[in-house]
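All heavy atoms count here, side chains included; hydrogens, waters and symmetry mates do not. Read the numbers this way: they start at 1 and go in the same order the structure lists the ligands and their atoms. The structure displayed is predicted, hence computed values, not measured ones.
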Amino acid sequence: MTTMLESYAAVTGADVIRHLQQLAEILKDKTVVHVNSTRVGGGVAEILDKMVPLSQELGINTRWEVITGDSEFYQCTKSMHNAIQGNRVTIPDSLLNHFQEVNEQNANQLRSILEEADFVFIHDPQPAALLKYCSRRKGKWIWRCHIDASHPHRATWRFIDSFVRDYDASIFSLPQYVQVFPHPSYIIPPSIDPLSDKNIDLTQDELDSVRIRFGINSEAPMIAQISRFDRFKDPVGVIEAYKLAKCYIPTLQLVMAGGRADDDPEGEAVLKEVYLAAGDDPNIKVLLLPPDAHRTINALQRLADIVVQKSTKEGFGLTVTEGLWKGKPVIGGDTGGIRLQVINFHTGFLVNTPEGAALRIRYLMSQKQKMQEMGLKGKEFVRENFLLTRQLREHLTLMVSLQYGGIDRIELS
Ligand code: UDP
(Lines give C-alpha, C1' and ligand atoms only; values in the text may rest on other atoms or scores of the structure.)
Protein backbone atom coordinates (compact mmCIF):
# COMPACT_ATOMS: atom_id res chain seq x y z
CA MET A 1 0.00 0.00 0.00
CA THR A 2 1.32 3.50 -0.83
CA THR A 3 1.65 6.10 1.91
CA MET A 4 -1.45 7.90 0.63
CA LEU A 5 -3.55 4.74 0.74
CA GLU A 6 -2.19 3.92 4.19
CA SER A 7 -3.36 7.35 5.39
CA TYR A 8 -6.89 6.60 4.14
CA ALA A 9 -6.75 3.14 5.71
CA ALA A 10 -6.02 4.77 9.08
CA VAL A 11 -9.40 6.58 8.87
CA THR A 12 -11.58 4.03 7.11
CA GLY A 13 -10.00 0.68 7.99
CA ALA A 14 -7.68 -1.33 5.73
CA ASP A 15 -10.47 -3.55 4.34
CA VAL A 16 -12.10 -0.53 2.66
CA ILE A 17 -8.86 0.26 0.83
CA ARG A 18 -8.28 -3.38 -0.15
CA HIS A 19 -11.73 -3.45 -1.70
CA LEU A 20 -10.91 -0.33 -3.74
CA GLN A 21 -7.67 -1.93 -4.93
CA GLN A 22 -9.51 -5.07 -6.05
CA LEU A 23 -11.97 -3.03 -8.11
CA ALA A 24 -9.22 -0.80 -9.49
CA GLU A 25 -7.24 -3.84 -10.62
CA ILE A 26 -10.04 -4.75 -13.06
CA LEU A 27 -10.04 -1.19 -14.46
CA LYS A 28 -6.33 -0.45 -14.50
CA ASP A 29 -5.92 -0.23 -18.28
CA LYS A 30 -8.95 2.09 -18.63
CA THR A 31 -8.98 5.86 -19.05
CA VAL A 32 -11.50 7.97 -17.16
CA VAL A 33 -12.31 11.64 -17.76
CA HIS A 34 -14.43 13.86 -15.51
CA VAL A 35 -15.83 17.09 -16.97
CA ASN A 36 -17.46 19.99 -15.11
CA SER A 37 -17.61 23.76 -15.44
CA THR A 38 -15.42 25.13 -12.64
CA ARG A 39 -12.19 24.11 -10.97
CA VAL A 40 -12.99 26.00 -7.77
CA GLY A 41 -16.13 26.86 -5.87
CA GLY A 42 -19.04 24.59 -5.04
CA GLY A 43 -19.38 20.95 -4.20
CA VAL A 44 -18.56 19.36 -7.57
CA ALA A 45 -15.11 20.98 -7.76
CA GLU A 46 -14.56 20.04 -4.13
CA ILE A 47 -15.25 16.34 -4.86
CA LEU A 48 -13.28 16.12 -8.10
CA ASP A 49 -10.28 17.82 -6.55
CA LYS A 50 -9.93 14.80 -4.26
CA MET A 51 -11.46 11.95 -6.23
CA VAL A 52 -9.20 12.34 -9.25
CA PRO A 53 -5.89 12.01 -7.29
CA LEU A 54 -7.21 9.06 -5.28
CA SER A 55 -8.28 7.26 -8.50
CA GLN A 56 -4.83 7.92 -9.95
CA GLU A 57 -3.22 6.57 -6.80
CA LEU A 58 -5.20 3.37 -7.33
CA GLY A 59 -3.62 3.07 -10.77
CA ILE A 60 -6.56 4.25 -12.89
CA ASN A 61 -5.67 6.75 -15.60
CA THR A 62 -8.04 9.57 -14.57
CA ARG A 63 -8.15 13.21 -15.64
CA TRP A 64 -10.33 16.22 -14.94
CA GLU A 65 -11.30 18.69 -17.68
CA VAL A 66 -13.16 21.96 -17.17
CA ILE A 67 -15.27 23.56 -19.91
CA THR A 68 -15.17 27.31 -20.39
CA GLY A 69 -17.94 29.71 -21.35
CA ASP A 70 -18.86 33.39 -21.39
CA SER A 71 -21.22 35.23 -19.05
CA GLU A 72 -24.21 34.52 -21.31
CA PHE A 73 -23.49 30.79 -21.05
CA TYR A 74 -23.31 30.90 -17.24
CA GLN A 75 -26.48 32.99 -17.12
CA CYS A 76 -28.16 30.21 -19.11
CA THR A 77 -26.75 27.37 -17.00
CA LYS A 78 -27.61 29.14 -13.74
CA SER A 79 -31.21 29.43 -15.01
CA MET A 80 -31.11 25.73 -15.90
CA HIS A 81 -29.85 24.92 -12.42
CA ASN A 82 -32.68 26.94 -10.87
CA ALA A 83 -35.24 25.36 -13.24
CA ILE A 84 -34.07 21.82 -12.42
CA GLN A 85 -34.55 22.68 -8.74
CA GLY A 86 -38.13 23.63 -9.55
CA ASN A 87 -38.17 27.36 -10.31
CA ARG A 88 -40.49 28.34 -13.14
CA VAL A 89 -37.89 29.90 -15.42
CA THR A 90 -38.39 30.22 -19.14
CA ILE A 91 -35.03 30.31 -20.84
CA PRO A 92 -35.09 32.12 -24.19
CA ASP A 93 -34.22 30.10 -27.30
CA SER A 94 -31.29 32.43 -28.02
CA LEU A 95 -29.67 31.38 -24.72
CA LEU A 96 -30.40 27.70 -25.32
CA ASN A 97 -28.77 27.97 -28.75
CA HIS A 98 -25.79 29.67 -27.17
CA PHE A 99 -25.59 26.83 -24.62
CA GLN A 100 -25.22 24.37 -27.48
CA GLU A 101 -22.67 26.55 -29.31
CA VAL A 102 -20.48 26.75 -26.20
CA ASN A 103 -20.71 22.99 -25.74
CA GLU A 104 -19.72 22.52 -29.38
CA GLN A 105 -16.71 24.86 -28.96
CA ASN A 106 -15.60 22.93 -25.88
CA ALA A 107 -16.12 19.63 -27.68
CA ASN A 108 -13.82 20.92 -30.44
CA GLN A 109 -11.11 21.47 -27.81
CA LEU A 110 -11.63 18.21 -25.93
CA ARG A 111 -12.81 15.89 -28.69
CA SER A 112 -9.86 13.51 -28.89
CA ILE A 113 -9.67 13.10 -25.10
CA LEU A 114 -13.41 12.53 -24.77
CA GLU A 115 -13.84 10.26 -27.78
CA GLU A 116 -10.90 8.07 -26.76
CA ALA A 117 -11.77 7.73 -23.05
CA ASP A 118 -13.25 4.48 -21.74
CA PHE A 119 -15.45 6.33 -19.25
CA VAL A 120 -16.58 9.96 -19.34
CA PHE A 121 -18.34 11.43 -16.31
CA ILE A 122 -20.17 14.64 -17.21
CA HIS A 123 -21.13 16.62 -14.12
CA ASP A 124 -24.35 18.64 -14.08
CA PRO A 125 -26.12 20.38 -16.97
CA GLN A 126 -23.35 22.78 -18.09
CA PRO A 127 -21.35 20.24 -20.18
CA ALA A 128 -24.30 17.88 -20.84
CA ALA A 129 -24.42 18.62 -24.59
CA LEU A 130 -20.77 17.61 -25.20
CA LEU A 131 -21.87 14.10 -26.13
CA LYS A 132 -23.86 15.44 -29.08
CA TYR A 133 -20.58 16.73 -30.55
CA CYS A 134 -18.51 13.62 -29.84
CA SER A 135 -20.22 11.26 -32.24
CA ARG A 136 -17.23 8.90 -32.53
CA ARG A 137 -16.98 8.21 -28.84
CA LYS A 138 -15.50 4.90 -27.87
CA GLY A 139 -16.39 4.61 -24.20
CA LYS A 140 -19.32 4.78 -21.81
CA TRP A 141 -20.72 8.18 -20.92
CA ILE A 142 -22.30 8.84 -17.54
CA TRP A 143 -24.27 11.96 -16.65
CA ARG A 144 -23.81 12.87 -12.99
CA CYS A 145 -26.60 15.12 -11.71
CA HIS A 146 -25.68 16.79 -8.40
CA ILE A 147 -28.87 18.84 -8.27
CA ASP A 148 -32.23 18.17 -6.64
CA ALA A 149 -34.09 17.13 -9.81
CA SER A 150 -37.18 15.81 -8.05
CA HIS A 151 -39.55 18.43 -9.52
CA PRO A 152 -37.86 20.06 -12.48
CA HIS A 153 -39.48 22.74 -14.59
CA ARG A 154 -40.71 20.60 -17.47
CA ALA A 155 -39.68 22.68 -20.50
CA THR A 156 -36.10 22.97 -19.26
CA TRP A 157 -36.00 19.30 -18.35
CA ARG A 158 -37.13 18.30 -21.86
CA PHE A 159 -34.23 20.30 -23.25
CA ILE A 160 -31.71 18.61 -20.94
CA ASP A 161 -33.27 15.21 -21.56
CA SER A 162 -32.69 15.64 -25.30
CA PHE A 163 -28.93 15.39 -24.61
CA VAL A 164 -28.83 13.09 -21.60
CA ARG A 165 -31.02 10.35 -23.09
CA ASP A 166 -28.09 9.28 -25.30
CA TYR A 167 -25.81 8.60 -22.32
CA ASP A 168 -25.14 5.06 -21.04
CA ALA A 169 -26.08 5.78 -17.44
CA SER A 170 -26.87 8.60 -15.06
CA ILE A 171 -26.18 9.11 -11.38
CA PHE A 172 -28.32 10.98 -8.88
CA SER A 173 -27.61 11.69 -5.21
CA LEU A 174 -30.99 10.53 -3.88
CA PRO A 175 -33.68 8.11 -5.15
CA GLN A 176 -36.31 10.86 -5.23
CA TYR A 177 -34.22 12.86 -7.74
CA VAL A 178 -34.23 10.14 -10.37
CA GLN A 179 -35.86 11.01 -13.69
CA VAL A 180 -36.71 8.42 -16.29
CA PHE A 181 -34.19 7.99 -19.09
CA PRO A 182 -33.80 5.18 -21.62
CA HIS A 183 -30.67 4.08 -19.70
CA PRO A 184 -30.13 2.91 -16.10
CA SER A 185 -29.88 5.43 -13.28
CA TYR A 186 -27.79 4.87 -10.17
CA ILE A 187 -27.97 6.44 -6.70
CA ILE A 188 -24.59 7.55 -5.40
CA PRO A 189 -24.50 10.23 -2.71
CA PRO A 190 -21.47 12.57 -2.67
CA SER A 191 -18.72 12.51 -0.06
CA ILE A 192 -15.94 14.43 1.66
CA ASP A 193 -12.23 13.73 1.83
CA PRO A 194 -11.17 13.27 5.47
CA LEU A 195 -7.52 13.97 4.59
CA SER A 196 -8.08 17.25 2.74
CA ASP A 197 -7.25 20.66 4.22
CA LYS A 198 -11.00 21.19 4.55
CA ASN A 199 -11.41 18.25 6.89
CA ILE A 200 -8.18 17.22 8.60
CA ASP A 201 -7.70 17.83 12.32
CA LEU A 202 -6.24 21.25 13.14
CA THR A 203 -4.10 22.32 16.07
CA GLN A 204 -5.49 24.60 18.77
CA ASP A 205 -2.95 27.24 17.67
CA GLU A 206 -4.37 27.28 14.15
CA LEU A 207 -7.94 27.49 15.47
CA ASP A 208 -6.93 30.38 17.74
CA SER A 209 -5.27 32.27 14.94
CA VAL A 210 -8.41 32.03 12.74
CA ARG A 211 -10.56 33.06 15.72
CA ILE A 212 -8.40 36.12 16.38
CA ARG A 213 -8.16 37.04 12.67
CA PHE A 214 -11.94 37.33 12.40
CA GLY A 215 -12.56 38.81 15.85
CA ILE A 216 -14.51 35.80 17.14
CA ASN A 217 -15.01 35.78 20.90
CA SER A 218 -14.01 32.42 22.40
CA GLU A 219 -16.23 33.02 25.45
CA ALA A 220 -19.43 33.51 23.44
CA PRO A 221 -21.49 30.91 21.52
CA MET A 222 -21.18 30.83 17.76
CA ILE A 223 -23.12 29.41 14.84
CA ALA A 224 -21.81 29.26 11.27
CA GLN A 225 -23.16 28.77 7.77
CA ILE A 226 -20.51 28.22 5.09
CA SER A 227 -22.04 28.53 1.62
CA ARG A 228 -21.99 30.21 -1.72
CA PHE A 229 -24.23 33.29 -1.60
CA ASP A 230 -27.16 31.65 -3.34
CA ARG A 231 -30.87 32.19 -2.58
CA PHE A 232 -31.49 28.44 -2.27
CA LYS A 233 -29.03 28.47 0.67
CA ASP A 234 -31.33 31.04 2.36
CA PRO A 235 -28.57 33.20 3.90
CA VAL A 236 -31.08 35.91 4.80
CA GLY A 237 -33.19 33.29 6.60
CA VAL A 238 -30.10 32.35 8.64
CA ILE A 239 -29.71 35.98 9.73
CA GLU A 240 -33.39 36.07 10.71
CA ALA A 241 -32.95 32.89 12.76
CA TYR A 242 -29.86 34.38 14.44
CA LYS A 243 -31.77 37.57 15.32
CA LEU A 244 -34.62 35.59 16.86
CA ALA A 245 -32.25 33.38 18.87
CA LYS A 246 -30.25 36.43 19.97
CA CYS A 247 -33.26 37.69 21.94
CA TYR A 248 -32.58 34.78 24.31
CA ILE A 249 -28.79 34.43 23.83
CA PRO A 250 -27.58 38.04 23.64
CA THR A 251 -23.91 37.12 23.14
CA LEU A 252 -24.62 34.83 20.16
CA GLN A 253 -22.25 35.20 17.19
CA LEU A 254 -23.00 34.30 13.57
CA VAL A 255 -20.39 33.61 10.90
CA MET A 256 -21.60 33.59 7.29
CA ALA A 257 -18.68 32.60 5.11
CA GLY A 258 -18.84 32.23 1.36
CA GLY A 259 -16.90 32.80 -1.77
CA ARG A 260 -17.36 33.27 -5.45
CA ALA A 261 -17.90 30.34 -7.83
CA ASP A 262 -16.86 31.02 -11.44
CA ASP A 263 -20.09 29.54 -12.76
CA ASP A 264 -22.49 31.41 -10.40
CA PRO A 265 -23.46 34.87 -11.72
CA GLU A 266 -26.06 35.60 -8.98
CA GLY A 267 -23.65 35.67 -6.03
CA GLU A 268 -23.07 39.44 -5.96
CA ALA A 269 -26.78 40.29 -5.75
CA VAL A 270 -27.36 37.78 -2.95
CA LEU A 271 -24.32 39.08 -1.06
CA LYS A 272 -25.83 42.59 -1.13
CA GLU A 273 -29.04 41.21 0.40
CA VAL A 274 -26.95 39.56 3.11
CA TYR A 275 -25.11 42.79 3.99
CA LEU A 276 -28.43 44.61 4.14
CA ALA A 277 -29.96 42.01 6.46
CA ALA A 278 -26.85 41.91 8.68
CA GLY A 279 -26.85 45.70 9.14
CA ASP A 280 -24.22 46.92 11.59
CA ASP A 281 -24.47 44.04 14.08
CA PRO A 282 -20.83 43.44 15.14
CA ASN A 283 -21.66 39.84 16.08
CA ILE A 284 -22.50 38.93 12.49
CA LYS A 285 -19.33 38.28 10.49
CA VAL A 286 -19.93 38.10 6.76
CA LEU A 287 -16.72 36.69 5.32
CA LEU A 288 -15.88 36.64 1.64
CA LEU A 289 -13.17 34.01 1.40
CA PRO A 290 -10.83 33.13 -1.48
CA PRO A 291 -11.43 29.78 -3.20
CA ASP A 292 -8.44 28.12 -1.52
CA ALA A 293 -9.43 29.05 2.05
CA HIS A 294 -9.98 25.40 2.95
CA ARG A 295 -8.15 25.45 6.27
CA THR A 296 -9.94 28.66 7.27
CA ILE A 297 -13.31 27.05 6.55
CA ASN A 298 -12.22 23.94 8.40
CA ALA A 299 -11.31 26.12 11.41
CA LEU A 300 -14.58 28.09 11.29
CA GLN A 301 -16.58 24.85 11.26
CA ARG A 302 -14.56 23.63 14.26
CA LEU A 303 -14.91 26.95 16.12
CA ALA A 304 -18.70 26.90 15.72
CA ASP A 305 -20.87 25.29 18.39
CA ILE A 306 -23.50 24.51 15.75
CA VAL A 307 -23.19 24.34 11.97
CA VAL A 308 -26.21 25.69 10.10
CA GLN A 309 -27.25 24.92 6.52
CA LYS A 310 -30.69 26.39 6.23
CA SER A 311 -31.15 25.68 2.52
CA THR A 312 -34.58 25.60 0.93
CA LYS A 313 -33.24 23.31 -1.83
CA GLU A 314 -30.04 21.32 -1.56
CA GLY A 315 -28.84 18.57 -3.90
CA PHE A 316 -26.72 17.08 -1.13
CA GLY A 317 -24.96 19.70 1.00
CA LEU A 318 -21.28 18.90 1.51
CA THR A 319 -21.14 21.63 4.13
CA VAL A 320 -23.48 19.49 6.23
CA THR A 321 -21.15 16.48 5.90
CA GLU A 322 -18.18 18.71 6.76
CA GLY A 323 -19.92 20.03 9.87
CA LEU A 324 -20.90 16.53 11.05
CA TRP A 325 -17.36 15.26 10.46
CA LYS A 326 -16.13 17.97 12.84
CA GLY A 327 -18.40 16.61 15.55
CA LYS A 328 -20.93 19.45 15.33
CA PRO A 329 -24.70 19.12 15.41
CA VAL A 330 -26.16 20.52 12.20
CA ILE A 331 -29.36 22.56 11.93
CA GLY A 332 -30.34 22.08 8.31
CA GLY A 333 -33.20 22.90 5.96
CA ASP A 334 -35.69 20.05 5.71
CA THR A 335 -34.90 19.36 2.08
CA GLY A 336 -33.03 17.16 -0.38
CA GLY A 337 -29.69 15.72 0.64
CA ILE A 338 -29.77 17.42 4.03
CA ARG A 339 -32.49 14.93 5.03
CA LEU A 340 -30.08 12.10 4.29
CA GLN A 341 -27.52 13.48 6.71
CA VAL A 342 -29.37 15.31 9.44
CA ILE A 343 -31.24 12.66 11.36
CA ASN A 344 -33.68 14.63 13.48
CA PHE A 345 -32.80 14.51 17.20
CA HIS A 346 -29.72 12.34 16.44
CA THR A 347 -27.21 14.23 14.28
CA GLY A 348 -29.03 17.58 14.35
CA PHE A 349 -32.37 19.14 13.52
CA LEU A 350 -34.30 19.66 10.32
CA VAL A 351 -36.08 23.01 10.09
CA ASN A 352 -38.43 24.77 7.71
CA THR A 353 -38.43 28.35 8.95
CA PRO A 354 -36.16 30.91 10.65
CA GLU A 355 -38.37 30.48 13.73
CA GLY A 356 -37.76 26.72 13.71
CA ALA A 357 -34.02 27.24 13.34
CA ALA A 358 -33.99 29.77 16.20
CA LEU A 359 -35.87 27.36 18.45
CA ARG A 360 -33.30 24.61 17.80
CA ILE A 361 -30.38 26.99 18.31
CA ARG A 362 -31.81 27.96 21.70
CA TYR A 363 -32.42 24.34 22.65
CA LEU A 364 -28.95 23.10 21.72
CA MET A 365 -27.12 26.05 23.25
CA SER A 366 -28.75 25.21 26.57
CA GLN A 367 -27.91 21.47 26.28
CA LYS A 368 -24.14 21.17 25.93
CA GLN A 369 -24.22 17.44 26.72
CA LYS A 370 -26.79 16.82 23.97
CA MET A 371 -24.71 18.85 21.57
CA GLN A 372 -21.69 16.63 22.23
CA GLU A 373 -23.67 13.41 21.88
CA MET A 374 -25.12 14.53 18.55
CA GLY A 375 -21.67 15.57 17.36
CA LEU A 376 -20.19 12.14 18.11
CA LYS A 377 -23.05 10.38 16.34
CA GLY A 378 -22.73 12.68 13.34
CA LYS A 379 -19.04 11.97 12.93
CA GLU A 380 -19.52 8.19 12.97
CA PHE A 381 -22.47 8.51 10.60
CA VAL A 382 -20.20 10.30 8.11
CA ARG A 383 -17.40 7.75 8.59
CA GLU A 384 -19.83 4.96 7.67
CA ASN A 385 -21.58 6.66 4.79
CA PHE A 386 -20.11 9.81 3.34
CA LEU A 387 -16.35 9.49 2.95
CA LEU A 388 -14.62 9.69 -0.42
CA THR A 389 -13.62 6.03 -0.31
CA ARG A 390 -17.27 4.95 -0.33
CA GLN A 391 -18.13 7.21 -3.27
CA LEU A 392 -15.13 6.05 -5.27
CA ARG A 393 -15.98 2.41 -4.55
CA GLU A 394 -19.45 3.01 -6.00
CA HIS A 395 -18.01 4.77 -9.07
CA LEU A 396 -15.61 1.87 -9.67
CA THR A 397 -18.43 -0.64 -9.23
CA LEU A 398 -20.54 1.28 -11.73
CA MET A 399 -17.68 1.31 -14.25
CA VAL A 400 -17.09 -2.42 -13.79
CA SER A 401 -20.78 -3.12 -14.30
CA LEU A 402 -21.01 -0.92 -17.43
CA GLN A 403 -17.89 -2.51 -18.88
CA TYR A 404 -18.50 -6.12 -17.97
CA GLY A 405 -22.28 -6.13 -17.41
CA GLY A 406 -22.80 -8.99 -19.87
CA ILE A 407 -20.47 -11.33 -18.00
CA ASP A 408 -22.08 -13.66 -15.45
CA ARG A 409 -19.22 -13.62 -12.98
CA ILE A 410 -16.49 -11.08 -12.26
CA GLU A 411 -13.58 -12.40 -10.17
CA LEU A 412 -11.92 -9.96 -7.79
CA SER A 413 -8.32 -10.90 -7.08
N1 UDP B 1 -17.06 26.19 0.02
C2 UDP B 1 -15.83 26.79 -0.02
N3 UDP B 1 -15.78 28.14 0.08
C4 UDP B 1 -16.89 28.89 0.23
C5 UDP B 1 -18.16 28.26 0.27
C6 UDP B 1 -18.21 26.90 0.16
O7 UDP B 1 -14.79 26.14 -0.12
O8 UDP B 1 -16.76 30.10 0.33
C9 UDP B 1 -17.11 24.73 -0.09
C10 UDP B 1 -17.80 24.05 1.07
O11 UDP B 1 -16.89 23.88 2.15
C12 UDP B 1 -18.25 22.75 0.41
C13 UDP B 1 -18.57 23.18 -1.02
O14 UDP B 1 -17.84 24.39 -1.24
O15 UDP B 1 -17.19 21.82 0.39
C16 UDP B 1 -20.05 23.45 -1.21
O17 UDP B 1 -20.71 22.26 -1.44
P18 UDP B 1 -22.25 22.08 -1.13
O19 UDP B 1 -22.62 20.72 -1.59
O20 UDP B 1 -22.51 22.38 0.31
O21 UDP B 1 -22.99 23.21 -1.98
P22 UDP B 1 -22.90 23.68 -3.52
O23 UDP B 1 -22.07 24.92 -3.50
O24 UDP B 1 -22.31 22.58 -4.33
O25 UDP B 1 -24.33 23.99 -3.86
Subject >> For Y363, the option from F349, F345, Y248 that meets ring pair (Phe, Tyr, Trp, His ring centres under 6.0 Å) >> reply: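 So the option named by the test is F349.
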Original post:
Can you check whether F163 and F159 have ring centres sitting under 6.0 Å from each other?
Top reply: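 Centroid separation for F163 and F159: below 6.0 Å.
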Subject >> Between H395 and F119, ring centroids under 6.0 Å >> reply: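 No, ring centres 6.0 Å or more apart.
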Side-chain donor/acceptor pairs under 3.5 Å, residues 350-360, sequence neighbours excluded:
| residue | atom | partner | partner atom | Å |
| --- | --- | --- | --- | --- |
| T353 | OG1 | G356 | N | 2.9 |

Subject >> Residue among I142, I171, L48 satisfying side-chain contact (heavy atoms from CB on, under 4.5 Å) with H123 >> reply: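 Single side-chain contact (heavy atoms from CB on, under 4.5 Å) partner of H123 among I142, I171, L48: L48.
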**OP:** Might you list the protein residues in contact with ligand 1, defined as having a heavy atom under 4.0 Å from one of its atoms, sorted by chain and number?
**Re:**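 Contacting ligand 1 under 4.0 Å are G42, G43, E46, K198, S227, R228, K233, G258, G259, I297, E314, G317, L318, T319, E322.
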**OP:** Could you verify whether a donor N or O on one side chain and an acceptor N or O on the other, from K313 and Q85, lie under 3.5 Å apart?
**Re:**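 Side chains of K313 and Q85: no pair found under 3.5 Å.
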